[in-house]
Amino acid sequence: MRLSRYFLPVLKENPSEAQIVSHRYMLRAGMIKQQSAGIYSWLPMGFKVLKRIEQIVHEEQIRVGHLPLLMPTLQTADLWRESGRYDDYGQEMLRIKDRQGREMLYGPTNEEMITDIFRAHVNSYKDLPLTLYQIQWKFRDEVRPRFGVMRGREFLMKDGYSFDIDRDSALHAYNRHMVSYLRSYERMGLTAIPMRAASGPIGGDNTHEFLVLASTGESEVFYDSAVTDLKLGAREVDVDDRAAVAGICEEFTTLYARTDETHDQALFDAVPEERRKVGRGIEVGQIFYFGTKYSESMGANVVTADGSRVPVEMGSHGIGVSRLLGAIIEASHDDKGIIWPEGVTPFHVGIVNLKQGDAATDSACNALYAALIGKGLEPLYDDRDERAGAKFATMDLIGLPWRVTVGPRGLAAGKVELTSRRTGESEEVSLEAAVDRLTQIYASR
RNA sequence: CGGAGCGUAGCGCAGCCUGGUAGCGCACCUGCUUCGGGAGCAGGGGGUCGGAGGUUCGAAUCCUCUCGCUCCGACCA
């Protein structure tokens with residue numbers, strides 16, 4: 001993409017409504033525009049990152065055998081009356097009447113609807129296990145939306161629902177989700193720690209939240225610092241191997257890590273003092289096993305091998321996709337702007353032409369641009385007629401992990417400059433070497 | 001929902017107390033110079049002062065109502 005043809009309305013000054021760094025940078029980098037309290041338009045750059053994150057979530061869900069589908073944002077009140085949650089959910093649920101006076105709602109979550117789909121089409125244990133998920137917009141009429149996309153009213157969420165014949169199988173689904181989530185977050189460059197959580201309005205007793213450590217987080221967290229060293233990495237996991245999957249979960253949940261809701265001071269005190277940490281975290285996902293809470297109230301039964309009918313065992317599992325943008329920025333920025341991890345960056349590399357209109361730099365930039373595209377990379381070429389400082393400032397703000405600087409001085413020696421946004425380190429290399437390096441860097445992503 | 005604020009040009013703000021021609025910086029447009037970390041000079045365009053009502057010869061300014069937004073708290077992916 002050539003910046004001169006892109007839509008990137010960057011702001012020099014901080015919008016007054018933005019208090020936390022991710023919100024400020026998302027506004028300043030032209031990623032979002034607020035339309036109303038807690039409701040945002042996603043401008044091209046923001047939309048691009050949102051789609052990258054969504055793509056990672058999809059890939060990791062599909063990798064473990066979960067099936068994508070899409071349910072509507074609007075639901076009928078009837079469905080929610082069946083589960084009893086229509087009256088329980090409270091003011092957070094946005095209620096709407098259609099022209100016939102029928103009561104509708106903008107879905108804050110989809111347990112009822114997925115259960116309705118399930119009971120209509122699944123009758124036998126032979127169809128289990130089954131995990132269906134979607135990535136769809138939700139609406140929760142928060143009392144006090146804030147922090148930009150971190151606590152919006154409208155937000156994009158991955159919500160998945162698992163159906164199993166018995167408790168053991170359901171717990172395996174729970175564990176499988178944990179592993180899949182861990183890998184998703186790692187691909188986004190995040191350290192997200194699973195922490196024992198309280199269940200809230202969804203219900204159920206077995207639940208973990210995934211927290212990204214950040215000083216601006218809304219939850220207070222207590223943890224053994226050794227958990228931050230745990231990595232899933234590139235290890236192969238057979239998702240049907242219950243023991244292997246449970247083993248990974250054990251590895252990630254044995255060390256003490258809890259939010260203030262479930263904090264147990266006595267257990268915490270048992271952690272070696274130098275590893276005992278108290279901090280704040282951003283919740284970016286949660287998994288629940290809730291048994292037959294919905295299947296019983298809504299009659300989602302299956303026939304077992306011996307011919308009896310039992311309510312299906314369920315779990316639900318969510319990732320806050322739009323919130324992740326905020327969380328990633330909170331976890332990865334400096335005073336100049338965002339620093340995107342390679343896994344989610346909107347463009348792989350920025351090209352800065354220091355002397356736009358100069359025949360040599362223009363043609364070198366064009367060649368570089370074409371070569372990168374030829375390697376399957378997406379460069380953002382700043383071809384605006386701006387001074388060097390303005391171009392650097394824009395690149396730093398929008399946070400592409402790599403920058404290639406092309407100027408007459410270096411070019412005279414046949415060199416361009418490859419700079420890491422994260423470390424600020426530069427190396428002078430030939431144009432071809434820069435392309436090779438970048439190709440290598442992204443080969444594994 | 002309790003408490004506290006704020007709505008003046010795309011963004012950041014001043015002006016309001018003490019009513020009298022709507023301003024500044026950034027951004028934008030034109031020209032010249034400049035050109036490796038948000039350039040300089042000159043010129044230019046853009047605002048129903050959130051909305052409605054009232055007081056007044058006259059309202060951004062005073063009064064009433066209303067809408068919107070933000071912050072702190074309680075609640076939450």
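Numbers restart at 1 for each chain; the letters A, B, ... are given by sequence-line order, proteins then strands. In what follows, every heavy atom counts, from backbone to side chain, and hydrogens, waters and symmetry copies are set aside.
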Using a heavy-atom cut-off of under 4.0 Å over every strand shown, decide if [X] touches base, sugar-phosphate, or nothing.
X        : result
A:Gly152 : base
A:Gln19  : sugar-phosphate
A:Ala393 : base
A:Asn14  : sugar-phosphate
A:Arg153 : nothing
A:Glu17  : sugar-phosphate
A:Gly407 : base
A:Met150 : base

Under 4.0 Å from OP1 or OP2 of [N]: is there any side-chain N or O of [X] that close?
X        : N     : answer
A:Ser36  : B:G68 : no
A:Gln34  : B:U70 : yes
A:Lys355 : B:C35 : no

Opposite nucleotide pairing with [N], Watson-Crick or G-U, both atom distances under 3.5 Å:
N     : value
B:G68 : B:C6
B:C1  : B:G73
B:G53 : B:C63
B:C24 : B:G12
B:U34 : none

Problem - Aromatic centroids of A:Tyr256 and A:Tyr223 separated by under 6.0 Å - result: no
Please state whether the base of [N] and the side chain of [X] form at least one donor-acceptor pair under 3.5 Å?
X        : N     : result
A:Arg146 : B:G73 : no
A:Arg403 : B:G37 : yes
A:Glu13  : B:G25 : yes
A:Arg387 : B:U34 : yes

Residue [X], side-chain atoms from C-beta onward, closest of [options]:
X        : options             : answer
A:Ser16  : B:C13, B:G38, B:C75 : B:C13
A:Ala388 : B:G38, B:G36, B:U70 : B:G36
A:Leu11  : B:C11, B:G37, B:G38 : B:C11

Problem - Polar side chain donor-acceptor pair, A:Gln356 to A:Lys391, under 3.5 angstrom - result: yes
Practice task
Indicate whether any N or O donor in one side chain lies under 3.5 Å from an N or O acceptor in the other, for A:Thr423 and A:Ser420.
Solution key: yes
On a whole-Å scale, what distance lies between the [atom1] atoms belonging to [N] and [M]?
N     : M     : atom1 : result
B:G23 : B:G44 : P     : 14 Å
B:U8  : B:G50 : P     : 6 Å
B:C1  : B:C63 : C1'   : 29 Å

Exercise for the section: Check for a donor-acceptor pair, side chain of A:Ser219 on one end and backbone N or O of A:Val221 on the other, with a separation under 3.5 Å. Expected result: no
Problem - Main-chain N/O of A:Leu232 paired to A:Glu186 side chain as donor or acceptor, under 3.5 Å - result: yes
Problem - 4.5 Å side-chain heavy-atom contact, A:Thr191 and A:Val212 - result: no
Exercise for the section: Flag the pair A:Leu211 / A:Met195 as yes when at least one side-chain heavy-atom distance between them is below 4.5 Å, and no otherwise. Expected result: yes
Atom [atom1] of [X] to atom [atom2] of [N]: distance rounded to whole Å?
X        : N     : atom1 : atom2 : result
A:His23  : B:C69 : NE2   : P     : 13 Å
A:Arg384 : B:G36 : CZ    : C1'   : 15 Å
A:Ile20  : B:U70 : CD1   : P     : 13 Å

